[in-house]
Amino acid sequence: MKRLTLAGLALVLAASFCISCDAMADNVFEKSGLVEADTSSVDEVAKQSQATKTVSSDDVIDALFDKYATDVKKVSGYSNITIVTKLDDEEYETLVGSLSKAMASDSGRDKLKDELASTALTDAQKGAVSGSVTLLHQAVEAFQGDLEQEIKDEGTRNVVHSVLGQLASIKKPAPATVGDLLIVQMLTNTLSNAARQCATLYREGEDAAEEQTYVHCGLDLLAGLQNIQNLAELVSGENKNYLSSLTVASLLEDLQGGEE
Amino acid sequence: MKRTLALVLLAFCGLSLSAAEWTDGPQYRLTEELYQPTSARVTAMGGSSLAVEGYADSFLSNPAALGDYAFRFSLPAMTVTVFHPTDISRGGFFDHAKEGDWAGALDEYLRVLTYGQNEVQRIDVGANLQLGHLGLSVQTQERLFGYLPDSSYVDGAYVLEDTTALTLGLGFRLTFVEDLLSLDLGTNVQLLYQFYSRQMDRHTVEALVDDPDSVKMPITTGWSLPVTVGATLHAPWGFNVSTVARGINGKVYCKRYEDFEDWDFDDSLKDEEFTRKADVRYDGGLSWQPEIFGFDWVAEPVLSLDLVDISGIEESEDLFERLYAGAQVRLLRTVNLRAGLGQGYLSVGAGLDLAPLHLDISYWRREYGETFLDKSIDALSFSFTLFSK
């Protein structure tokens with residue numbers, strides 16, 4: 001009987017300590033000021049967000065969508081607007097690296113949250129966030145109607161369908177924060193890369209496009225969206241947790257064309 | 001759906017694409033760590049164990065524990081460790097698992113991984129025997145690592161490592177003043193055999209989708225014969241002071257195989273392709289295990305403190321990163337309550353000694369970043385031991 005009572009006590013203790021896990025995430029030495037974490041990756045993110053550039057949507061559509069550009073611009077309600085400029089691959093890799101490093105660090109994550117909540121954007125950047133979301137909605141509408149039917153590979157078509165459905169639900173943030181700006185920046189790079197890769201594959205076929213397959217493009221897109229998804233968890237406001245229902249498992253399934 | 005699950009499982013937990021060559025990189029960094037078996041008892045006490053004696057596996061931390069003439073036997077000594085338990089429990093892992101959606105559950109399980117080094121799971125199974133001043137142990141440890149260059153697990157590189165260790169130890173005691181002052185000395189010789197897989201990454205997934213029959217499992221094997229030497233001074237009033245030098249003769253002889261099926265144990269022991277040098281590590285420990293005369297059956301307290309890799313301390317930050325401390329109180333010789341501070345992170349745990357069954361659980365955290373405080377990961381360990389504790 002004594003042992004049973006003690007066993008019960010131990011189990012209750014074991015269960016209860018799991019509840020206070022949050023309190024145990026802090027480093028005692030850091031909290032007491034004995035050591036300081038390196039959060040320079042957050043400063044790097046702040047620097048990069050301040051340097052975000054804007055561009056005219058007409059110029060981007062022409063460059064990205066090539067022969068589909070005219071179709072995209074024909075969508076009802078489209079007008080030339082200011083949007084966020086796509087970063088070159090190296091700059092984008094640096095931005096994602098700094099963000100990921102900051103998110104992985106306990107102290108960096110807290111500092112990053114504060115940085116992302118800041119509304120200290122230039123007027124051009126605020127306008128570009130709103131413009132990019134507008135353009136995104138219009139592009140989604142255009143793709144859902146036309147391009148979706150033109151993708152021959154069933155799996156890729158299913159992935160595009162799922163992703164477009166999620167992207168259509170993104171709202172214009174008011175007021176726009178640094179977090180919104182970064183998310184729009186990452187969406188711009190991820191989606192334009194995916195569009196470029198798909199267009200190349202569509203034009204040249206898998207054999208001609210060296211080291212590019214629909215699966216490769218699909219995984220690129222998944223990785224990009226998952227990076228955005230992870231950042232969105234730290235952003236406050238209307239777009240918090242958007243893309244949260246997008247899972248790699250379901251998209252991988254789509255990528256195989258739903259084969260059993 | 002079944003194929004999805006198979007793909008995800010194969011890609012991230014098992015097989016890999018054959019490659020002509022593969023080199024060392026950050027994704028293999030954790031395979032270079034000094035081997036140490038996992039124990040829920042030790043992790044609950046902040047990771048401190050050098051000067052704590054009285055357990056069947058004590059001599060694995062410090063061979064001087066064999067100076068205590070005793071018979072202890074544990075079979076099996078098994079520990080399962082899950083990393084990121086807090087994030088996993090808060091995500092949708094259990095919802096997916098409840099519905100039998102294992103691909104979704106695995107997706108949630110991997111989504112908790114973050115930039116840089118990650119440990120996904122660890123399993124330790126072994127048997128320990130102390131026969132007088134002789135110690136013998138056979139342990140195997142399996143670890144799955146994940147290195148992420150960003151925050152997406154799709155971009156991650158995963159490495160599976162398996163280590164088998166056969167340890168033979170010998171100790172003796174020099175008594176200066178009966179029951180007051182003695183010195184235990186001991187040494188362990190370990191035959192370590194390790195293999196780890198080539199990184200599994202998105203190229204693996206692409207290959208699996210493209211042609212599952214082309215999938216092979218390249219591995220690297222490594223063996224070494226490291227020696228550990230330890231000493232513990234037993235001072236009056238239950239104070240113990242320990243010092244251990246581990247990793248002596250720690251050079252690892254490695255060989256690569258393009259497929260696991262090409263692997264041959266005898267062949268892997270000769271004509272190494274490359275070697276990995278392991279530096280000797282010097283650790284120090286203190287413990288206080290007072291005897292409360294007449295009340296031992298009510299409560300047995302233990303306090304311990306370890307400072308590892310002492311020669312590597314150059315700045316004050318290094319000191320905090322290498323400091324592990326813990327406390328345990330054993331009540332009525334049945335229930336153990338434990339808490340600790342390892343690398344500045346709190347740990348807690350509990351244990352039940354229901355002879356011959358011993359159950360332990362611990363929640364702990366350790367550093368995985370490039371520098372101290374860059375990144376920490378929490379873990380939940382369950383230990384199950386039969387016969388001696």
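Lettering follows sequence order; numbering is per chain, from 1.
Leu373(B) pairs in a side chain to side chain contact (heavy atoms under 4.5 Å, CB included) with only one of the listed residues (Asp38(A), Asn27(A), Thr39(A), Asp106(A)), which is Asn27(A).
Note that the CG atom of Asp220(A) and the CG atom of Asp155(B) stand 7.5 Å from one another [nearest 0.5 Å]. How far NZ of Lys101(A) is from NZ of Lys375(B): 11.5 Å, rounded to the nearest 0.5 Å. Residue Phe29(A) holds its CZ atom at 5.0 Å from CG of Leu341(B), rounded to the nearest 0.5 Å.
Of the listed residues Gly116(B), Ser152(B), Pro85(B), the one with more heavy-atom pairs under 4.5 angstrom with chain A than any other is Ser152(B). For the set Leu359(B), Thr371(B), Leu346(B), the entry with the most heavy-atom pairs within less than 4.5 Å of chain A is Leu346(B).
The heavy-atom pair separating Val154(B) from Leu222(A) by the smallest distance is CG2-CB, 4.4 Å. Nearest heavy-atom pair, Phe320(B) versus Val35(A), reported as atom, atom and distance to 0.1 Å: CD1-CG1, 3.4 Å.
Side-chain contact between Met103(A) and Tyr115(B) is absent, with no heavy atoms from C-beta onward closer than 4.5 Å. Put simply, the side chain of Asn230(A) reaches to within 4.5 Å of the side chain of Arg111(B), judged on heavy atoms. Contact annotation: the side chain of Val348(B) approaches that of Met24(A) to within less than 4.5 Å [non-hydrogen atoms, C-beta and beyond].
Neither the backbone nor the side chain of Glu93(A) comes within contact range of chain B; no heavy atoms are under 4.5 Å apart. Looking at Ile377(B), there are no atoms closer than 4.5 Å to chain A (heavy atoms on both sides), in backbone or side chain. Of the two parts of Leu231(A), neither the backbone nor the side chain holds a non-hydrogen atom closer than 4.5 Å to a non-hydrogen atom of chain B.
Applying the 6.0 Å contact sphere to NZ of Lys113(A) captures no more than 12 heavy atoms from other residues, nucleotides or ligands.
Counted by atom type alone, Asp374(B) and Ser105(A) present zero donor-acceptor pairs between their side chains at under 3.5 Å.
The salt bridge (Lys or Arg N to Asp or Glu O under 4.0 Å) test applied to Glu119(B) returns Arg122(B), Arg143(B), not counting sequence neighbours.
In terms of modelled atom types and a separation under 3.5 Å, the side chain of Ser151(B) and the main chain of Ser100(A) share no donor-acceptor contact.
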